[in-house]
Amino acid sequence: MTSKRSNLAIYWHPACERHNIPSHPEQPGRVVSILQSLRENFPDASFRESRRATDEQILNAHHPDLLQSLKRMFVEANEKRDADETVFVNIDSDTVIMHGTEEAVYRAAGAAVQAVDDLFASTAAAEDAPSSPVDVAFCCVRPPGHHAEPSRSMGFCFANNTVIAAEHARIKYGVERVAILDFDVHHGNGTNEYARLLFLHYEQQRQQQTAGRPDEAAKPAASVFAGGFGAKKLQKSTHDFDQFAEILQSHRRYHRRCHPSADDAPRPLYPLFYASTHEREGYPGTGPEKPKEKRTEIDRFVVNRNIPFGPESRAVFRAKWREIVDELARYEPELVIFSAGFDAHDDDPLSDVELSDEDFYWATAAVLDRLYETQRLRQRETGASRPLRVLSVLEGGYDLAAIARCAVEHVAAMVESRDGALAQDAADASAPAASTDSAEGDSFGGDEVAALQASLAEMGIGSAPAASALSVVEGDAPPPVPPPAST
């Protein structure tokens, strides 16, 4: 039997090359180099010019004040431009706007939204359906997004493309569990902050449900802010949470736009899962790895792991991703979004981590192979599972040759992991029907069922998803991390 091949779509737009700040490492050549390599290595892929994101879609991840501030600066850069001079408007020394920035920002976010629409085309309205199906998606766009916080642009980033995509999937398609996985060498403080605030919202809702006050709109109690905050930190977090409430209002408006005949927006049962490996003490100085004895519930949804610089970074990188995958398999995401930064490569000028091309293939395959296997075990045990969709969005990486090679490795792993899962599914479908009284051992009988159930139990997976938002994080500690593979 010939197994089905995955349909790969690559999203890009010429506007992403027109945001051009002289002598800046985040340069147009990044996407040019990657696109050229992808076209050479994946000639059968569908290359799609991205749509423009709407303001509503951006407001699903950002406070209205931030978007209004960006729009004022876009206008300033465009109005002051004349035939002989380009005007630059600085947000900070790293994050600069010129006349090509606005369209690049909207097209980069739009690529991530369009990829979600195409991945979920079977549940979309006819006018949203792509011309051909999409199984795996890569957004070769810039500027990057993972440093953009709900209320602040910074670190080369203006809008958080992965969070915009995640919330579009959650609101429009009702996706319960979305995981954003970030292997950029710099911590994705923007995505981390969004995931943290969303967790606090879920914890507040859980506490109110427990206390019998599901409709109470009280501010979260001090105990909600896990981690033993001092007074100043608690005050700032309460302020951030108040601002985040306005983003939640944007979610409700967007839900009404997507589902005009539906009631008020139902919230998914699960918080967003965010995991990052990043250089210890690197920019922007956030995302410390907590000691195991100090981790709380939030640390199983917002997972930060630090990578040292130097020769040991490869082995530690792999060990940390094994640890993350254990947590991720318990969460059982329906949509995985990679924040694909390739600046942890040995050749990159902005870091001292020494990863190789192959490490990006390994990490991608380690994540997806485990998730496809978890999905298969769920299907065998319960007879039902939700398909896993996979999307990747470019973040950092500043050596042009290295990022082109690493992007090819990453995309190849996404495609090959799914092809392997499809082949295994086909083999399972063609195998003899299960028989509990077969003595030959070649059918799926009682012993095999018991073994599968044991495997599921080891992964922390029960017979059905839990009904509580926090039930995923309750229970035993995760299994020990295996020793690093030889590199």
Side-chain angles (χ1 to χ4, degrees), residues 16-17 19-38 41 93-96 108 138-148 154-157 161-162 181-192 275-287 304-321 338-364 366 392-414 487:
C16 294
E17 300 171 28
H19 166 63
N20 189 3
I21 309 301
S23 304
H24 199 293
E26 206 288 283
Q27 58 168 300
R30 299 175 62 239
V31 291
V32 173
S33 177
I34 292 172
L35 276 172
Q36 180 179 343
S37 290
L38 293 176
N41 286 275
S93 59
D94 294 324
T95 315
V96 184
F138 179 73
C139 297
C140 185
V141 293
R142 56 178 290 274
H146 72 154
H147 292 309
M154 60 177 287
F156 310 168
C157 303
N161 303 318
T162 58
L181 308 178
D182 189 342
F183 49 68
D184 190 289
V185 79
H186 305 109
H187 181 237
N189 58 292
T191 314
N192 187 107
S276 171
T277 54
H278 46 275
E279 186 173 17
R280 184 185 302 148
E281 299 176 356
Y283 178 88
T286 54
N304 286 300
R305 297 293 182 264
N306 297 156
I307 308 298
F309 58 82
E312 65 177 317
S313 55
R314 293 190 68 199
V316 175
F317 175 80
R318 295 193 177 204
K320 298 300 184 182
W321 274 106
F338 286 100
S339 258
F342 303 112
D343 40 6
H345 193 278
D346 189 25
D347 294 341
D348 197 274
L350 298 191
S351 86
D352 295 312
V353 174
E354 299 181 6
L355 300 190
S356 68
D357 300 4
E358 294 78 10
D359 288 316
F360 294 99
Y361 183 100
W362 178 90
T364 307
S392 181
V393 183
L394 180 64
E395 298 287 357
Y398 306 99
D399 182 273
L400 300 188
I403 62 174
R405 297 193 310 271
C406 293
V408 168
E409 293 287 334
H410 172 58
V411 172
M414 289 196 294
T487 57

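Note that the numbering runs from 1 along the sequence shown for the chain. Being a predicted model, the structure only gives us computed values, none of them experimental.
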Value rounded to 0.5 Å, distance of [atom1] in [X] from [atom2] in [Y]:
| X | Y | atom1 | atom2 | result |
| --- | --- | --- | --- | --- |
| R405 | F360 | CZ | CZ | 10.5 Å |
| F183 | W321 | CZ | CH2 | 7.5 Å |
| T364 | F338 | OG1 | CZ | 5.0 Å |
| N41 | E409 | CG | CD | 9.0 Å |
| D399 | D346 | CG | CG | 10.0 Å |
| D348 | C406 | CG | SG | 9.0 Å |

Looking at [Y], is its backbone amide N or carbonyl O close enough to the side chain of [X] to form a donor-acceptor pair, meaning the two atoms are under 3.5 Å apart?
| X | Y | answer |
| --- | --- | --- |
| S392 | A340 | no |
| H186 | G285 | no |
| T95 | G155 | yes |
| E395 | H146 | yes |
| T277 | R305 | no |
| S313 | G310 | yes |
| R142 | V31 | no |

Taking side chain as C-beta onward, heavy atoms only, is [X] less than 4.5 Å from [Y]?
| X | Y | answer |
| --- | --- | --- |
| M154 | N189 | yes |
| D359 | R318 | yes |
| D184 | S339 | no |
| N192 | H187 | yes |
| E354 | F309 | no |

How close do [X] and [Y] get, heavy atom to heavy atom, and via which atoms?
| X | Y | value |
| --- | --- | --- |
| G396 | R30 | C-NH2, 3.2 Å |
| N161 | P144 | ND2-C, 4.0 Å |
| G287 | N304 | O-CB, 3.7 Å |
| H345 | S356 | CD2-C, 3.8 Å |
| A108 | C16 | N-SG, 4.4 Å |

Exercise. If you draw a 6.0 Å radius around OH in Y283, do more than 12 non-hydrogen atoms from other residues or ligands fall strictly inside?
Worked result: yes
For this session: Going by the side-chain hydrogen bond (donor to acceptor under 3.5 Å, both in side chains) test, name the single residue among D343, T286, N306 that passes it with H278.
Result: N306
